[in-house]
Amino acid sequence: MKSEPGAYSIDNLHRAPRRTDCWDGVRNYQARNFMRDDMRKGDLAFFYHSSCPRPGIVGIMEIARAGYPDHTAWDPREPHYDAQSDPARPRWYMVDVRYRRKAKRLLGLPELRTHPGLVGLQLLRRGNRLSVMPVSREHWELILELEAKPPPGKN
DNA sequence: GCCAACGTTGGC
DNA sequence: GCCAACGTTGGC
């Protein structure tokens, strides 16, 4: 799950009450479907910082509540207000996430890209712009193994 | 249903 | 700031 740290970082989540917050504001149908249909309470997710000097995976969180309507879509004062979303038929969904831990080190996008085992990871797909996307069990475990290794040196 | 125009995302 | 790659919109 991606977020721009300038808007909402893993530190924000760490400081939130009960280290839990709602993942609101997603306004993309594919990303919405992942949250609404595929995420279950107790699932784990990587927290990814995007649009920043060093984009990459910065930590792990847990889905604390499965998909439910994103009420910020109905509030005109909200930045992601959507006048077309009817409370009777919610268009946008969110989940609640709980902070688990920070990554031992940043798993930067360039490093992830160089790893042959991560070919096919949706995050690395060309032109990918989804802010929420699935990670296979195999890729998940590979990334955790990568985390345990020393960071790549500068060549 | 096609597709051009436009807006957004996000790496660089 | 640039721009590639998408998604959305709306005229036809």
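All values reported here derive from a predicted model rather than from experimental measurement. A note on names: the letters A, B, ... follow the listed sequences, proteins ahead of strands, and every chain is numbered from 1.
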N or O in side chain of A:Y48 less than 4.0 angstrom from B:dT9 OP1/OP2: no
N/O (side chain, A:K2) to phosphate O (OP1/OP2, B:dT9) under 4.0 Å: no
Sugar-phosphate only, base, or nothing, as touched by A:S51 at under 4.0 Å among non-hydrogen atoms: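 Base contact.
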Measure [atom1]/[X] against [atom2]/[N] and give the value in whole Å, please.
X	N	atom1	atom2	value
A:N28	B:dT8	CG	C1'	10 Å
A:L112	B:dG10	CG	C1'	15 Å
A:H80	B:dT9	NE2	P	8 Å
A:N128	C:dC3	CG	C1'	17 Å
A:Y29	C:dT8	OH	C1'	9 Å
A:L123	B:dG10	CG	P	10 Å
A:H49	B:dG10	NE2	P	13 Å
A:L130	B:dT8	CG	P	17 Å

Donor on one side chain, acceptor on other, [X] and [Y], under 3.5 Å:
X	Y	value
A:R54	A:H49	no
A:D96	A:W23	no
A:Y99	A:D21	no

Proximal nucleotide (of C:dT9, B:dG10, B:dG11) relative to the A:S131 side chain: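 Closest nucleotide among those given: B:dG10.
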Candidate nucleotides B:dC12, C:dG7, B:dG10, ranked by approach to the side chain of A:Q30 - the nearest: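 So the side chain of A:Q30 is nearest to C:dG7.
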Can you give each donor-acceptor pair under 3.5 Å made by side-chain atoms of residues 26-35 of chain A, sequence neighbours left out, with the distance rounded to 0.1 Å?
residue: A:R27; atom: NE; partner: A:H80; partner atom: O; Å: 2.8
residue: A:R27; atom: NH1; partner: A:D70; partner atom: OD2; Å: 2.9
residue: A:R27; atom: NH2; partner: A:D70; partner atom: OD2; Å: 3.4
residue: A:R27; atom: NH2; partner: A:T72; partner atom: OG1; Å: 3.1
residue: A:R27; atom: NH2; partner: A:H80; partner atom: O; Å: 3.0
residue: A:N28; atom: OD1; partner: A:Q30; partner atom: N; Å: 3.0
residue: A:N28; atom: OD1; partner: A:A31; partner atom: N; Å: 3.0
residue: A:R32; atom: NH1; partner: A:R91; partner atom: O; Å: 3.0
residue: A:N33; atom: OD1; partner: A:R36; partner atom: NH2; Å: 3.4
residue: A:N33; atom: ND2; partner: A:Y29; partner atom: O; Å: 3.4

Bend angle of the helix from B:dG1-C:dC12 to B:dC12-C:dG1, end axes from five pairs each (to 10°): 10°
Side-chain heavy atoms of A:N128 within contact of A:M133, under 4.5 Å: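 A side-chain contact under 4.5 Å exists here.
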Linked hydrophobic residues, A:M94 as query - side chain contacts closer than 4.5 Å: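 Its cluster partners, ordered by chain and number, are A:Y68.
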Rounded distance (nearest 0.5 Å) linking atom NE2 of A:H139 with atom CG of A:L124: 8.5 Å
